[in-house]
Enquirer: 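My questions all concern the structure below.
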2 protein chains.
Amino acid sequence: MIETTAAATDADPVQACPIAPVVDLVFSRWTTPILWTLNEYGRQRFVELQRRIGVITPKVLTQRLRQLERDGLITREYFAEVPPRVEYDISPLGRSLAPLFHSLAEWSPNLAKVEAARIHFDTTQPPNRRP
Amino acid sequence: MIETTAAATDADPVQACPIAPVVDLVFSRWTTPILWTLNEYGRQRFVELQRRIGVITPKVLTQRLRQLERDGLITREYFAEVPPRVEYDISPLGRSLAPLFHSLAEWSPNLAKVEAARIHFDTTQPPNRRP
DNA sequence: CCGTATCCGGTTCGATACTG
DNA sequence: CAGTATCGAACCGGATACGG
């Protein structure tokens with residue numbers, strides 16, 4: 001590596017957490033719903049995505065779709081019709097994330113424990129300082 | 001379900017992406033490095049975490065630690081010594097995320113493909129509009 | 001050592017309006 | 001239909017300083 005000091009080595013975020021790059025890639029804002037929807041419902045066009053995701057504005061949806069296309073996780077196909085039609089789909093690389101989504105879905109029942117932990121924390125730990 | 005209109009059903013973000021709550025919980029900013037470090041290096045104190053993670057400020061680290069403690073993913077133990085000592089550790093619930101982290105680590109070799117896709121995109125797709 | 005308090009700058013998001 | 005342009009606002013997150 002270029003950095004020579006031990007401090008720099010310790011301070012390297014990737015060193016501290018090797019999975020951080022993957023997280024940034026896959027779990028950035030809006031990327032999860034987009035990939036999930038494409039993986040679950042298959043190839044679809046812009047407005048379908050927008051309606052299924054629910055609240056996202058066209059601007060932000062476009063931004064995220066471009067990003068995911070650039071990263072090779074989704075594909076975009078343009079049809080020069082009137083009215084114009086664009087179809088998005090998940091790519092093979094994007095589909096390779098499916099097991100990951102499956103793991104996440106499998107863990108989701110534990111959310112009940114999280115909710116219980118929050119209630120416990122809020123009822124036992126006062127908002128002010130704690131020893 | 002309680003919602004009766006189809007529009008509301010379609011617009012429900014959780015409906016659109018059931019794993020979104022888990023993602024928000026586990027992959028919020030800084031939570032991944034914190035959980036990873038605790039899971040990898042075991043019980044440690046505040047400054048150790050701070051040095052391993054690298055660049056995080058005490059304020060933000062405290063915020064995220066509190067959040068994770070409240071969610072039941074980590075534990076905090078205070079020792080009334082001089083100087084005071086605090087030790088954090090991953091909880092059983094937090095440790096149940098380990099397979100997830102493992103899946104992420106397994107996927108990380110694909111980052112090379114992402115990098116290649118970006119280069120391809122940047123060299124073939126002009127910055128201006130595309131059909 | 002382990003935080004908390006305050007200020008402040010930058011990203012990012014949403015709302016809105018408009019084009020091909 | 002599928003975006004793009006512009007604007008304003010909110011939300012972190014970092015720097016700094018201080019307290020138990």
Side-chain angles (χ1 to χ4, degrees), chain A residues 11 13 16-17 20 23-25 27-34 37-38 43-70 74-89 121 125-131, chain B residues 11 13 16-17 20 23-25 27-34 37-38 43-70 74-89 121 125-131:
Chain A
C17 182
V23 172
D24 289 343
L25 181 78
F27 301 115
S28 302
R29 192 158 173 80
W30 293 118
T31 57
T32 314
I34 293 173
T37 302
L38 286 176
R43 168 179 276 248
Q44 55 198 294
R45 51 216 305 209
F46 191 85
V47 279
E48 297 180 276
L49 276 170
Q50 189 175 10
R51 269 187 298 106
R52 275 204 233 269
I53 292 172
V55 291
I56 193 169
T57 63
K59 187 190 79 171
V60 178
L61 181 56
T62 302
Q63 287 175 349
R64 291 289 100 92
L65 288 172
R66 285 285 182 282
Q67 174 194 325
L68 290 170
E69 185 194 3
R70 190 175 100 101
I74 68 172
T75 60
R76 174 185 186 268
E77 194 169 3
Y78 177 89
F79 301 91
E81 308 167 353
V82 279
R85 179 165 56 102
V86 174
E87 289 186 354
Y88 292 93
D89 200 354
F121 185 92
Q125 308 289 352
N128 47 25
R129 290 208 323 98
R130 302 176 297 114
Chain B
C17 182
V23 173
D24 288 345
L25 181 75
F27 301 113
S28 302
R29 193 156 172 79
W30 294 118
T31 56
T32 314
I34 293 173
T37 302
L38 285 175
R43 166 178 278 247
Q44 54 198 296
R45 51 214 303 201
F46 190 84
V47 281
E48 295 181 278
L49 276 171
Q50 190 176 9
R51 269 187 300 108
R52 273 204 234 269
I53 291 172
V55 292
I56 193 170
T57 62
K59 187 188 79 171
V60 178
L61 181 56
T62 302
Q63 286 175 349
R64 291 289 104 90
L65 288 171
R66 285 285 181 281
Q67 174 194 326
L68 290 170
E69 185 194 2
R70 189 176 101 100
I74 67 173
T75 60
R76 174 185 185 268
E77 194 170 1
Y78 177 88
F79 301 91
E81 307 167 352
V82 278
R85 179 165 56 102
V86 174
E87 287 187 356
Y88 292 92
D89 201 354
F121 185 92
Q125 309 290 351
N128 47 26
R129 290 211 321 98
R130 301 177 299 113

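Every heavy atom of this structure was used, including side-chain atoms; hydrogens, water molecules and symmetry mates were not. Order of the sequence lines fixes the chain letters, A, B, ..., with proteins taken first and strands second; residue numbering starts at 1 for each chain.
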Enquirer: Which nucleotide sits closest to the side chain of A:Val47: D:dC1, C:dC1, C:dG14?
Expert: D:dC1
Enquirer: Side chain of A:Gln63 only, please: which of C:dC13, C:dC1, D:dA2 is the nearest?
Expert: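 Nearest to the side-chain atoms of A:Gln63, counting from C-beta on, is C:dC13.
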Enquirer: Is A:Arg45 close to A:Val86 at the side-chain level, that is, under 4.5 Å between some pair of heavy atoms?
Expert: no
Enquirer: Heavy atoms, side chains only, cut-off 4.5 Å: are B:Leu65 and B:Arg76 in contact?
Expert: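 B:Leu65 does not reach B:Arg76 side chain to side chain.
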Enquirer: Evaluate the ring planes of B:Phe27 and A:Phe27, with Trp represented by its six-membered ring, and classify them as parallel (under 30°), tilted (30 to 60°) or perpendicular (over 60°).
Expert: parallel
Enquirer: Just N and O in the side chain of A:Arg64: are any of them under 4.0 Å from OP1 or OP2 of D:dG3?
Expert: no
Enquirer: So, is B:Arg29 close to the D:dG13 phosphate, meaning a side-chain N or O under 4.0 Å from OP1 or OP2?
Expert: yes
Enquirer: Which listed nucleotide (D:dA2, C:dT4, D:dG14) is nearest to the side chain of B:Arg66?
Expert: C:dT4
Enquirer: Is the shortest side-chain heavy-atom distance between B:Gln63 and B:Lys59 below 4.5 Å?
Expert: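 Of all side-chain heavy-atom pairs linking B:Lys59 with B:Gln63, at least one is under 4.5 Å.
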Enquirer: Calculate the interatomic distance between B:Arg76 atom CZ and C:dC2 atom P; express it in whole Å.
Expert: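 From B:Arg76 CZ to C:dC2 P: 10 Å.
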Enquirer: Heavy-atom nearest nucleotide on DNA chain C for A:Ile56 versus B:Pro58: which residue maps closer to 5'?
Expert: B:Pro58
Enquirer: For A:Pro84 and for B:Lys59, locate the closest nucleotide of DNA chain C by heavy-atom distance; then report the residue assigned to the nucleotide nearer the 5' terminus.
Expert: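 Closest to the 5' end, via its nearest nucleotide, is B:Lys59.
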Enquirer: Rounded to whole Å, please give me the gap between CG in A:Leu61 and P in C:dT12.
Expert: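 One finds 17 Å between P of C:dT12 and CG of A:Leu61, rounded.
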Enquirer: Rounded to the nearest Å, what distance is computed from the CD atom of residue B:Glu87 to the P atom of nucleotide C:dC1?
Expert: 14 Å
Enquirer: Ignoring backbone atoms, test whether A:Arg85 places a side-chain nitrogen or oxygen under 4.0 Å from the OP1 or OP2 oxygen of D:dA2.
Expert: no
Enquirer: Quick one: is A:Tyr78 getting a side-chain N or O under 4.0 Å of the C:dG20 phosphate, OP1 or OP2?
Expert: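 Answer is no, no contact under 4.0 Å.
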Enquirer: So which nucleotide from D:dG3, D:dG13, C:dC2 ends up closest to the side chain of B:Phe46?
Expert: C:dC2
Enquirer: Rounded to whole Å, how long is the line connecting atom CG of B:Asp24 with atom C1' of D:dC11?
Expert: 15 Å
Enquirer: For A:Glu77 and D:dC1, give me the distance from atom CD to atom P, rounded to whole Å.
Expert: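 So the CD-P distance, A:Glu77 to D:dC1, works out to 19 Å.
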Enquirer: Could you tell me if A:Gln67 and A:Arg70 have a donor-acceptor pair between their side chains, going purely by distance under 3.5 Å?
Expert: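 No, no side-chain donor-acceptor contact under 3.5 Å.
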Enquirer: Quick one: is D:dC1 close enough that its OP1 or OP2 comes under 4.0 Å of any side-chain N or O from A:Tyr88?
Expert: no
Enquirer: Which whole-number value in Å describes the distance from A:Leu49 CG to D:dC1 P?
Expert: 14 Å
Enquirer: Using atom CD of B:Gln50 as one end and atom P of C:dC1 as the other, report the distance to the nearest whole Å.
Expert: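 It works out to 10 Å between those atoms.
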Enquirer: Of the options D:dA2, D:dG14, D:dG3, whose atoms approach the side-chain atoms of B:Thr57 most closely?
Expert: D:dG14
